[in-house]
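So you know, we letter chains A, B, ... as the sequences are listed, proteins then strands, and number each from 1.
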Protein chains: 2
Amino acid sequence: MKLPAVFERYRAEIDRTLKSVLAKRRLPLYDMMRYHFGWLDEKGNTLPNSAGKAVRPTLCLLACEAVGGDYSQALPAAAAIELVHNFSLIHDDIQDDDRERRHRPTVWSLWGKPQAINAGTAMRVLADLTLPLLSKNGASLEKQLRVQYLIDDATLRLVEGQYLDISYESQFEIKVPDYLRMIEGKTAALIACALEVGALVGTDDEGMIHSFRDIGHNLGLAFQIRDDILGIWGNEAETGKPLGSDISRRKKTLPIVYALEQAGNRLRQELVNIYRRGVVTDGDLATVLRILEEVDARNQAQKMVEQYCRQALQSISKLALVPSARRDLEEVINFLAERSF
Amino acid sequence: MKLPAVFERYRAEIDRTLKSVLAKRRLPLYDMMRYHFGWLDEKGNTLPNSAGKAVRPTLCLLACEAVGGDYSQALPAAAAIELVHNFSLIHDDIQDDDRERRHRPTVWSLWGKPQAINAGTAMRVLADLTLPLLSKNGASLEKQLRVQYLIDDATLRLVEGQYLDISYESQFEIKVPDYLRMIEGKTAALIACALEVGALVGTDDEGMIHSFRDIGHNLGLAFQIRDDILGIWGNEAETGKPLGSDISRRKKTLPIVYALEQAGNRLRQELVNIYRRGVVTDGDLATVLRILEEVDARNQAQKMVEQYCRQALQSISKLALVPSARRDLEEVINFLAERSF
């Protein structure tokens with residue numbers, strides 16, 4: 001499975017914009033960010049490629065093009081959104097005690113948690129400091145302020161989602177609607193923001209802008225549920241995450257929430273007992289996988305992924321979009337529904 | 001020693017503005033913030049007063065009045081600055097492993113570090129979300145964007161200062177200029193921002209706005225050095241911090257940096273040895289206090305406080321300000337130079 005070509009199209013410009021935000025910032029604090037983005041190794045040597053797929057900025061620029069805008073105008077907003085996403089990854093790794101991401105040691109595992117908190121927070125502020133470039137690129141002050149508001153609001157919802165995600169770890173009465181509320185914040189809010197902001201920079205058509213927000217919302221839910229599937233059944237070499245890592249971290253991902261709802265009393269209790277214990281052994285992992293299989297959790301989760309993607313594709317089919325960008329968007333959505341990494 | 005009356009004058013309106021920012025936010029995440037501000041106890045019961053002196057928002061509103069502005073226009077900015085300050089306290093307590101602040105358990109010690117990171121980050125975002133009220137209160141979009149930029153820039157410098165503060169813990173060649181660079185970020189940047197933003201909301205006179213930034217810079221340096229003195233010799237009942245707490249945390253505060261520079265080889269080595277050990281005993285604490293006394297560190301630090309305050313007062317004396325506000329400003333500066341809490 002390959003990344004669609006559109007991810008390659010914007011990549012160099014996204015990276016250039018991100019690098020320009022960090023240019024002239026000399027404190028080692030900023031090298032922690034450069035390391036996180038995959039531009040530097042642990043010793044500060046330059047690396048050729050960036051880490052991550054840059055899903056959110058790509059969606060942002062694609063939305064801008066799809067509504068007939070000039071994507072280069074949206075680059076500062078796309079970069080800001082990628083900074084918000086990556087700030088949340090740095091803090092998320094601290095909160096979850098994760099030592100590896102994208103096959104590399106996490107920022108906190110190299111520099112310690114106190115300094116990693118600083119790196120994440122500073123990265124979030126850099127997102128805001130990138131936005132004045134929007135009006136320098138020709139956007140009105142009103143639009144710049146609106147983009148700022150959308151990004152702030154999405155960040156707040158993202159942190160709320162993180163809050164719920166962590167608080168669910170010690171709760172066992174979580175139902176699918178609770179789960180959806182959590183991922184709406186944790187994941188869908190920023191993806192919806194990426195598409196809305198891209199459309200906003202590209203057009204004044206409020207109906208169109210609103211539709212892109214909805215598309216992003218559905219796509220975001222699909223994206224996270226697919227992520228949950230990969231977090232349990234994904235290939236470690238492809239995902240960069242250890243097999244069953246979400247189970248070891250006792251996360252209430254969709255397959256688990258579904259199993260807690262659907263499993264009979266005995267299996268449900270078995271699952272709860274494993275999740276209640278501090279450490280998840282290989283044997284526990286096998287038990288959880290067996291319970292998930294019995295309730296058909298993987299297929300049910302994938303059905304939800306496809307349902308949300310279908311809704312996004314239907315919304316797109318009703319809009320008057322630039323044809324080539326429409327095809328790219330459709331390709332990206334289909335990729336995200338089936339992705340293995 | 002009493003808080004000058006001007007701190008009382010704005011207090012109710014600052015609190016009302018802060019509370020309105022948090023109104024209708026129902027997630028328990030926001031109760032963590034209400035607890036931090038002293039509006040709720042650990043169980044969620046309402047408390048009558050707020051925690052903290054609200055130095056920064058008070059300075060912001062006073063600057064606005066001093067240049068002839070209407071302070072109520074600056075309330076959203078003052079609240080945003082107080083939110084930035086308090087986000088940094090929540091994260092700072094996590095980073096320094098501090099279990100108490102203002103005679104109460106810190107947020108992380110009650111809710112755990114992962115959720116306290118979320119509370120701090122969300123509080124920082126709320127600061128941004130408060131700023132659109134500026135243009136609703138009559139400020140131009142240009143001014144609102146400029147305030148946003150100043151607050152973002154100050155936050156970034158604050159985090160840079162935090163980065164240096166933590167990185168200095170393991171360094172012993174820190175000189176006074178290194179120390180000043182650290183507190184310029186950690187403390188002076190946000191106090192300078194408070195005064196500059198207050199003046200900016202109140203006037204279009206660029207010279208005046210610039211002067212208030214300078215005044216805030218000097219006042220911020222004085223404020224932090226006075227804080228360092230209280231962190232070693234302060235009265236626990238008044239400061240809310242255990243005696244010698246900055247020494248136990250092995251912080252490179254001004255008296256220590258001064259002693260590292262001024263002490264002879266033997267005393268210097270004794271100091272370094274104590275700071276290198278993981279745990280500081282009561283005996284170590286007594287040794288450090290003796291070394292500080294030998295180099296006259298407390299008096300030297302207080303001289304610096306007074307020098308920076310004098311510079312701030314001199315700048316104020318040269319400006320054409322509203323007389324009553326000028327007197328209040330002078331009173332606040334003199335209080336901050338001598339404060340015991």
TODO: Tell me, for B:Met123 versus chain A, whether the close heavy atoms (under 4.5 Å) come from the side chain, the backbone, both or neither.
DONE: neither
Task: Heavy-atom contact with chain A under 4.5 Å, split by part of B:Arg181 - done: side chain
Open item on the list: Please enumerate all residues that pass side-chain hydrogen bond (donor to acceptor under 3.5 Å, both in side chains) together with B:Glu196, with sequence neighbours excluded.
Closed with: B:Arg213
- [ ] Considering only heavy atoms and a distance below 4.5 Å, find which of B:Asp96, B:Ile151, B:Ile94, B:Asn118 pairs most often with chain A.
- [x] B:Asn118
- [ ] Among the options B:Tyr30, B:Phe87, B:Trp111, pick out the one with the most heavy-atom pairs lying under 4.5 Å from chain A.
- [x] B:Tyr30
TODO: Identify which part of B:Leu156 has an atom lying under 4.5 Å from any heavy atom of chain A, answering side chain, backbone, both or neither.
DONE: both
- [ ] Using the test salt bridge (Lys or Arg N to Asp or Glu O under 4.0 Å), find all partners of B:Glu169 that sit at least two apart in sequence or belong to another chain.
- [x] B:Lys251
- [ ] Name, in order of residue number, those residues of residues 127-143 of chain B that have a heavy atom at a distance of less than 4.5 Å from a heavy atom in chain A; otherwise write 'none'.
- [x] B:Asp128, B:Leu129, B:Leu141, B:Glu142
TODO: For the pair A:Arg249 and A:Asp97, find out whether any cationic side-chain nitrogen is under 4.0 Å from an anionic carboxylate oxygen.
DONE: no
Task: Greatest number of heavy atom pairs closer than 4.5 Å to chain B - which of A:Ile117, A:Asp92, A:Leu158 - done: A:Ile117
TODO: Test the A:Arg56-A:Phe223 pair against the cation-pi criterion, namely NZ or CZ under 6.0 angstrom from the six-membered ring centroid and within 45° of the ring axis.
DONE: yes
- [ ] Output every pair passing salt bridge (charged side-chain N to carboxylate O under 4.0 Å, His left out) with a member in residues 147-156 of chain A, not counting sequence neighbours, ordered by first then second residue.
- [x] A:Arg124-A:Asp152
Task: Most contacts with chain B, counted as non-hydrogen pairs under 4.5 angstrom, among A:Lys113, A:Gln148, A:His91 - done: A:Gln148
TODO: Ignoring hydrogens and angles, tell me if any N or O in the side chain of B:Gln115 forms a donor-acceptor pair with the backbone of A:Tyr163 under 3.5 Å.
DONE: yes
TODO: Please report the shortest heavy-atom distance between B:Ala122 and A:Val159, naming the atom on each side.
DONE: CB-CG1, 3.9 Å
Task: Salt bridge present between A:Asp178 and A:Lys175 (N-O < 4.0 angstrom) - done: no
TODO: Answer whether the closest heavy-atom distance between the side chains of A:Tyr179 and A:Gln224 falls below 4.5 Å.
DONE: yes
Task: Closest-packed option against chain A by number of heavy-atom pairs under 4.5 Å, given B:Gly112, B:Pro28, B:Gly120 - done: B:Pro28
Open item on the list: With chain B as the partner, which of A:Leu27, A:Val125, A:Leu29, A:Leu164 has the greatest number of non-hydrogen pairs under 4.5 Å?
Closed with: A:Leu29
Open item on the list: Strictly distance-based, threshold 3.5 Å: is any side-chain N or O of A:Thr106 a donor or acceptor partner for the main-chain N or O of A:Asp93?
Closed with: no
